[in-house]
A.B. asks: 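Let me give you the structure first, and then I'll get to my questions.
This chain uses plain numbering: 1 for the first residue, then up along the sequence.
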Amino acid sequence: MCFDLAFLEEKWGTYRGLVFYLVLLLPVAAHLIISRNKRQLAVPAEGIVLNEKENGKQKKTTKRFTRKNMKTRPVQSTSKSQNEIDLQNSPICIFYATLGGTAQRYANEVHKLLSTNLQRDDLQLLSLDYIDLEEYFLYCPENAVYLLVLPSYAIESSLDFYLSTLRETVYDFRVQKNPLQKLSGYAVFGLGDMDNYPGDMFCYQAIEADKWLSKLGAQRIAPMGIMNTQLASATQIDVLTQWTNSVIEHMRKGTLLRPMDEGEGNSDVMDVEDMGPMMAKAKTEASLPIGTKEMVSTVSPTYKALTKQGYSVVGSHSGVKICRWTKSAIRGRGFCYKYSFYGIRSHLCMEATPSLACANKCTFCWRHGTNPVGTEWRWKVDPPELILKGILESHYSKLKLMRGVPGVRQDRFAEASRVRHCALSLVGEPIFYPYINEFVGMLHEREISSFLVTNAQHPEAFQKMGMVTQLYVSIDASTKQSLKSVDRPLFKDFWERLLTCLEILREKKQRTVYRMTLVKGFNMEQIKEYTELIRLGIPCFIEIKGVTYSGNSDQSPLTMKNVPYYEEVIDFTKKLIENIDKYLGDLGVKYEIAAEHAHSCSLLVAQTKFKKDNVWYTHIDYPKFFELWRSKKDFDPLDYVAPTPDFAYYGNGGFSPEDVRFVRKQKNKGQPGTTPAPAPVSEIAA
Ligand SMILES: Cc1cc2nc3c(=O)[nH]c(=O)nc-3n(C[C@H](O)[C@H](O)[C@H](O)COP(=O)(O)O)c2cc1C
Ligand code: SF4
């Protein structure tokens, strides 16, 4: 016994510390175990839908879709009264993406059916191309219902951008988990061409969207609808109506769906609900690796739309188009504003781009939503030699068509057979093209001047951009908010990107220009803020131009009302100069109006260092530029200037005296964008 007590005392001395810890930890451990059990019990009770991972193992087999197996079967659902959707008050958004218009038509149909059925007139119909994706797919409206009508394309389209945005949000560790769980639910309707894109390719992008939405925490309220667009149109409408009715039904019941295990139930039939998890595994993403897709393939609707608008698509991502001023100059009917400002004769000028894609969806873009978009280059790259050869050939072959056109001046037609200037400002973003420096170098070697316009969204590429004859940055607005509404940028940090590019521009020892396109009601206010942007870049020149009205389009909110009168452009410009004098006096630079081109509603504001002895030197000595460029030594913008001709001075109109002004019937009289000059102009500003 004594021995036992002594033994226990000795052991107590050794282990008492440990015993104290255990006693202290016991209540904490008990609390953790109890609360974990509570959570597990709560899952089914709260109706949380299991996702495919939680739902168990998946077999690796891949089912192929055939017309035969396109049946649906009853969907497994979890009916929860607390999930009932408030059909009268929940915001309902119908999203679509389209290239050819079919998905838009079907989205319209869904909108109509739902509006009638629910007797509501506030359902939103939204193009995924023209919304702020963050606003809807990161910070979604509370209790909203999302319905998506989505086609699939084996080629590049803006859907790729949408899907990659969803994917990035899923994997973005800075984003709170399940950001879409605030939604009441969602359902996807996919359109695809099963005959030409069978198996894994059929409706693959709608299926992918369904997967990412689910991973973002949104819950399916109705089975995914799938339609083969090769079916008879009456059948297609039936399928769509059935799906819409099923959505309404599910919303009424407040059911939430859970994906089923692959292989569950009858293996002959395919449940639409199976598709999400199963097809998510499909090798669609892997089968279309980055760098192999063509930006604009010849079979794409984008290609069709661009060619219809007069563009020639060269290779897979470049474009060229004969400008209407080129045609005008060949007929002796006048040059564009670049003649009065810089001495560019329009019939010697080629308008092109090595990248039809860009990172914006500007309201005034001529492409009307057909453009490919992206924040990074993810396409096949064409070599610069191929692009240059292709654009020159296309340009010349289109010019040849003008040979027999009435009024063509033979001297100009002959001169036009050698391009002297290249305006890299057509559409898209030229500095997006990975070999832009090589491409510009090839232009200069052929003594073709380069005017390059960037929308300032790629600071790294901009930093690397070498010498061009004239370097532009588009300044489409002066505040973050207005830039967002005018340019509808894809980058979240679009404003910071612009500011960084302007700072880079200031350091460039080149002829630099801010291009400002004025859109009434969008970007003509906040003049003081523009001066702050001028402070950042201190450009040599500022081009100020009224927006060109490019016609009605669903994709653009602009109307003729947004096109400013020339007087309004002048007024804006004068106020801008007053503000520069007032706020930027410390910079030691002064700006004045140097030239105008009234019939395209354009003014040129220049730093007064381009004025000597009361003579402006805004024109360019092009041979001198090539000489300096070949010397490979540093040179200054003032090293290759030429005097501005009298006709271009502000107050003289800017119309070339060599040409004869063409007077069209007075249908433009009094319209904005035209001058109040005695003779009506041939067309609205270019
Ligand atoms: C160039 C092109 C590629 C297509 N690729 C696919 C595809 O990979 N998978 C598919 O299911 N359908 C594909 N389709 C079919 C379209 O998804 C279908 O025609 C859809 O209705 C197009 O909608 P939209 O007219 O709104 O652009 C493709 C169609 C075109 C024109
Ligand atoms: S400078 Fe521009 S607007 Fe003028 S002719 Fe060339 S492409 Fe056309």
A.B. asks: Verify ring-ring contact (aromatic ring centres under 6.0 Å, His included) between Trp377 and His458, making sure each step is shown before the conclusion.
C.D. replies: CA-CA 11 Å; Trp377 190 278; His458 304 275; 9.9 Å; no
A.B. asks: Considering only NZ, NE, NH1 and NH2 on the basic side and carboxylate oxygens on the acidic side, decide whether Glu447 and Arg420 come within less than 4.0 Å.
C.D. replies: no
A.B. asks: Run the salt-bridge test on Glu525 and Lys575 with the 4.0 Å N-O cut-off and return the result as yes or no.
C.D. replies: no
A.B. asks: Could you tell me whether Lys509 and Asp636 have a side-chain N and a carboxylate O separated by less than 4.0 Å?
C.D. replies: no
A.B. asks: For atom NZ of Lys508, decide whether the heavy atoms of other residues, nucleotides or ligands shown that lie under 6.0 angstrom number more than 12.
C.D. replies: yes
A.B. asks: Tell me the salt bridge (Lys or Arg N to Asp or Glu O under 4.0 Å) pairs involving residues 382-406, sequence neighbours left out?
C.D. replies: Lys380-Asp382, Lys389-Glu393
A.B. asks: Donor-acceptor check, side chain of Glu568 to backbone of Tyr565, threshold 3.5 angstrom: yes or no?
C.D. replies: yes
A.B. asks: In sequence, state the C-alpha distance, the side-chain angles, and the governing distance for Trp379 and His317, and then conclude on side-chain hydrogen bond (donor to acceptor under 3.5 Å, both in side chains).
C.D. replies: CA-CA 8 Å; Trp379 307 279; His317 53 72; over 6 Å; no
A.B. asks: Salt bridge or not for Glu532 and Arg535, using N-O below 4.0 Å?
C.D. replies: yes
A.B. asks: What orientation do Phe541 and Tyr342 show, parallel under 30°, tilted 30 to 60°, or perpendicular over 60°?
C.D. replies: perpendicular
A.B. asks: Any chance you could lay out the side-chain hydrogen bond (donor to acceptor under 3.5 Å, both in side chains) test for Ser394 and Ser397, step after step, and finish with the verdict?
C.D. replies: CA-CA 5 Å; Ser394 290; Ser397 72; 5.3 Å; no
A.B. asks: Determine whether Tyr303 and Glu294 satisfy the following criterion, side-chain hydrogen bond (donor to acceptor under 3.5 Å, both in side chains), listing intermediate values before the conclusion.
C.D. replies: CA-CA 11 Å; Tyr303 182 92; Glu294 294 191 319; over 6 Å; no
A.B. asks: Could you tell me whether Arg324 and Glu351 have a side-chain N and a carboxylate O separated by less than 4.0 Å?
C.D. replies: no
A.B. asks: Which pair of non-hydrogen atoms, one from Tyr566 and one from Ala598, has the smallest distance, and what is that distance?
C.D. replies: CE2-CB, 3.5 Å
A.B. asks: Does Asp160 come within less than 4.0 Å of Lys293, counting only side-chain N to carboxylate O?
C.D. replies: yes
